[in-house]
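Sequential numbering from 1 along the given sequence is applied to the chain's residues.
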Amino acid sequence: MKDFIRSIASLPRRQKQVVLVTMDMCLLPLMMWLAYAIRLARPNVTVMQGLEAWYIFVAILGVLIFALLGIYRAIVRSFNEDYLLRISIGTFIQIVALYAIKKLDVAFIPMSIPLMYGFMLFSYMWWSRAVIRYATLKTFAKKQTRKRVAIYGAGLAGQQIAAALNRSDDYLPVCFIDDKTSLKGQSLSGLKIYSPKKAQKKLGKFGIEEVLLAMPSVGRARKKEIIESFEATDVKIMELPGVTQLVDGKVKVSDIREVDIIDLLGRDPVPPKPELLEKNIKDKVVVVTGAGGSIGSELCRQIVKHQPKMLVLFEMSEFALYSIDRELQTSGIQVIPVLGSVTNQAKLERILQQYDVQTVYHAAAYKHVPLVEANPFEGIYNTSIGTQRSVDAAVAQGVETFVLISTDKAVRPTNVMGASKRMAELYCQGLASTNPKTQISIVRFGNVLGSSGSVVPLFKKQIAQGGPVTVTHPEVTRYFMTIPEAAQLVIQAGAMGTGGDVFLLDMGESVKIIDLARQMIRLSGFRPIDENGVGDIEIDFTGLRPGEKLYEELLIDQEGIEKTKHERILKSFEKSFEFEEILESFIEFQKLHQHENVNELIKILEKFVDGYLSNKLDA
C-alpha cells in the first residue's frame with residue numbers, strides 16, 4: 001500500500017490533478033444516486049427524472065465549480081481552513097444549482113434531495129482529502145528521527161506551529177501546555193492540552209526533548225518565569241522569536257530558535273518619548289565618537305532612524321569604522337566616516353567646524369578592566385584626556401550639545417578604568433560650571449548585553465566548547481541592559497540636560513553572574529555539574545581579576561537624586577570640583593603620561609575620585 005501511495009505522490013503535479021478530477025467525476029454521480037436511494041429506502045430509483053444524462057451533468061457541474069474555486073490547484077498536504085471554506089462554497093453553489101433546475105422544471109428533484117446531496121458531497125470532499133493527507137504524511141514521515149516537542153501556548157501561534165511541525169521531518173508535536181484552566185484536558189489539532197504542572201510530570205513519559213514557547217507577545221518577565229519553571233527537567237527550551245510572523249498568518253519551522261538570554265535579562269522596554277529622541281538629532285549634524293564600538297554603533301543605528309541632517313562617524317579602529325559605515329550606507333542618511341583619535345583635538349575641531357556639527361555623543365573609551373589596569377597611562381590618556389579634548393573641541397566650536405557616555409564603574413572605582421571615567425565626568429562637570437554655550441551632560445549606566453566586554457558572548461563560546469564556564473567569584477553581581485534600550489535612553493537623557501547634569505539609567509535588579517551562567521547552560525540543553533558531580537558542564541571560579549569589584553553601583557550619594565520626566569532616567573547631584581582645580585590635574589596627567597610615574601598618578605586619582613584605593617596599582 002505504501003508503494004502505491006508513494007507512486008501516486010511522486011507523479012507530476014498535473015497528473016495528480018487528473019487523478020483527483022477522475023475520482024470526483026466517478027463519485028459525485030454515485031452520491032446523487034445514494035441521496036435518492038436513501039430518501040426512498042430502495043436501490044432501484046429514478047434519478048433526476050427528465051434529465052437523461054444526469055450523471056454527466058452532475059459530474060461536470062461539480063468538478064467545474066470546484067475547479068473554478070481552486071480546489072484542484074491546492075496541495076492536499078496543506079489541507080487547512082481556507083481549503084474547507086472553498087469546499088463549503090462549492091457545495092453551496094451546487095445546492096443552489098439543483099434548486100434552480102427544480103424551479104425551471106428541467107428535471108424532477110424532490111425538495112430534500114439538494115440538501116441531502118450537499119451534505120454527502122461536503123462529507124466526501126472533506127474526508128477524501130483528509131484521508132489522502134493522512135496517508136501521505138504517514139507514508140513519508142520519519143518519526144524515528146523527529147524530535148518530540150511540547151508546545152507551550154495553545155493560541156494562534158501554537159496552532160500554526162503545530163500544523164507546521166506535523167508537516168516537517170524534524171519535529172513531532174506531542175502535546176500542548178497552557179496556563180488557562182478552561183483549556184485543561186481539552187484537545188486541539190489532535191493534541192491534548194496539559195497544565196504546566198501536569199505537563200512537567202509527563203515530559204519523561206512522553207519522551208519529550210524540547211519545549212517550544214509559542215507565545216510571541218509574552219513579556220520578558222513572564223517568559224523568564226516559564227523557563228525557570230522547567231529548570232528541574234532535562235528538556236531544552238526553544239521559542240518563536242516575535243509577533244511579526246503572525247502578520248501574514250504564517251509560522252514556519254525555520255522560525256524556531258534557541259531562547260536568547262538577552263530576552264530574559266533585559267526588561268520589557270518602556271516606549272521612548274519621540275520628542276526627546278528627536279530633540280538633538282532631527283535635521284541636525286551629529287557626531288558619534290567611538291562610533292564602531294558596542295554602544296557607539298548602536299547609537300548610530302538609533303540616530304539614523306530619526307532623520308539627522310548628517311551623521312559623522314569618528315572612530316580609531318579602521319575595521320570597526322568600516323563595519324558601521326558599510327552598515328549605515330543604506331540608511332538614506334548622509335554618513336561621513338572619519339578615522340582618528342579623540343586625543344587629537346585639532347582634528348576634532350576641524351571636523352566639527354567643517355561639518356557645522358550641532359550634537360556630539362562621546363562614546364570613545366577603553367572598557368576592559370584588566371587591560372586598562374595593566375596599562376594605566378594609556379587608559380587615562382585615551383579615556384580621561386580623550387574626553388577633555390573632545391569636550392574642549394566641542395565648546396571651542398560652539399557645538400550645541402555634548403553628551404558623555406559613562407559607566408557604573410566610575411562610582412567608587414577599584415580600578416583605573418573606572419577612575420579614568422570618573423575623571424572624565426569631573427572634567428565635564430567642571431567645564432559645564434563655567435557656563436559655556438555648549439550644553440554638557442553625562443549619562444551613566446551599567447553593563448550592556450552582547451557587547452564585546454560582556455560575559456554573555458564568552459559564556460556562549462565556552463558552552464559551545466563543552467565548558468568549563470568561568471566565573472570570577474560566586475557572589476559577583478552586575479546590572480544588565482540591552483544595547484538598543486541603553487542607546488535610546490542615552491539619547492533621551494541627553495535631550496533633558498541643562499548643563500553639567502549627571503543622568504543615571506535605571507538598570508533594574510542586579511544579576512548574580514553564577515545564576516546567569518547556570519541559566520545559559522540550561523537554555524543550551526545541558527545541566528551545570530552540581531556538588532555530586534552530576535551534570536554536563538562545569539562552572540569554574542577563577543577569582544576576581546585585578547581591579548574588579550564584587551558589585552557595581554550607579555550612585556555616589558544615595559540621597560542626591562531626583563526623578564525626571566522619563567521613568568527609566570534619574571538625575572544625580574554629585575560632588576564636583578572647581579574647573580581650575582580639575583584642569584590642573586589634567587595638565588599633570590599629560591606630564592605623567594610622558595614619564596609614566598605611577599605613584600603621582602595614584603595620588604591624583606585618590607584626591608579626586610571618591611573610593612579609589614592606591615593598592616590596586618603596583619608601584
Side-chain angles (χ1 to χ4, degrees), residues 220-221 224 227-228 260-269 293-295 298 363 365-373 383 405-422 425 443-463 468-487 489-490 503-523 528 539-556 558 568-570 572 611-612 616:
R220 285 170 175 160
K224 185 176 180 181
I227 290 171
E228 288 177 346
D260 196 332
I261 190 70
I262 291 175
D263 290 339
L264 302 183
L265 290 178
R267 303 153 303 171
D268 291 320
S294 304
I295 289 294
E298 186 59 35
Y366 289 145
K367 61 184 175 183
H368 292 277
V369 171
L371 290 180
V372 176
E373 200 68 13
T383 301
I405 287 87
S406 190
T407 171
D408 56 358
K409 292 178 174 62
V411 179
R412 280 182 278 275
T414 57
N415 52 70
V416 178
M417 195 283 278
S420 67
K421 268 295 188 183
R422 180 57 185 151
E425 289 183 357
V443 183
R444 185 190 295 158
F445 55 95
N447 297 274
V448 287
L449 291 162
S451 74
S452 59
S454 170
V455 296
V456 172
L458 174 62
F459 284 175
K460 283 183 177 179
K461 184 178 179 181
Q462 291 175 336
I463 292 169
V469 173
T470 56
V471 177
T472 56
H473 192 282
E475 298 300 320
V476 69
T477 64
R478 292 292 181 267
Y479 290 99
F480 288 99
M481 180 181 286
T482 63
I483 297 178
E485 183 183 12
L489 290 174
V490 164
F503 293 105
L504 314 175
L505 303 189
D506 175 12
M507 302 293 293
E509 297 297 323
S510 62
V511 176
K512 289 185 75 169
I513 301 302
I514 181 65
D515 293 339
L516 171 63
R518 287 172 179 153
Q519 196 165 43
M520 288 186 67
I521 292 170
R522 292 191 190 102
L523 287 177
I539 297 176
D540 280 350
F541 295 106
T542 59
L544 292 175
R545 299 172 297 177
E548 189 174 29
K549 296 169 69 175
L550 276 178
Y551 60 94
E552 302 291 358
E553 306 165 89
L554 283 168
L555 288 168
I556 293 175
Q558 297 290 332
R568 291 276 169 86
I569 301 173
L570 302 172
S572 175
Y612 181 75
K616 297 300 175 182

Taking all atoms of both residues into account, what is the closest heavy-atom pair of [X] and [Y], and its distance?
X      : Y      : value
Val416 : Glu373 : N-OE1, 2.9 Å
Tyr612 : Thr414 : CE1-C, 4.4 Å
Thr407 : Glu425 : O-OE2, 4.5 Å

If the condition is side-chain contact (heavy atoms from CB on, under 4.5 Å), which residues does [X] pass it with, not counting sequence neighbours?
X      : value
Pro468 : Glu538, Asp540
Ala517 : Phe459, Val469, Val471, Ile539
Ala486 : Ile295, Phe445, Val448, Met481
Pro474 : Phe541

Straight-line distance of [X] [atom1] to [Y] [atom2], nearest 0.5 Å:
X      : Y      : atom1 : atom2 : result
Ile514 : Thr477 : CD1   : OG1   : 13.0 Å
His473 : Thr542 : NE2   : OG1   : 10.5 Å
Leu570 : Arg444 : CG    : CZ    : 11.5 Å

Is there side-chain contact between [X] and [Y], with at least one heavy-atom pair below 4.5 Å?
X      : Y      : result
Lys421 : Pro413 : no
Ile463 : Met520 : yes
Leu505 : Ile569 : yes

Thr383/Met417 under side-chain contact (heavy atoms from CB on, under 4.5 Å): CA gap, chis, key distance, verdict: CA-CA 8 Å; Thr383 301; Met417 195 283 278; 5.9 Å; no
Donor-acceptor under 3.5 Å (Lys409 side chain, Arg422 main chain): no
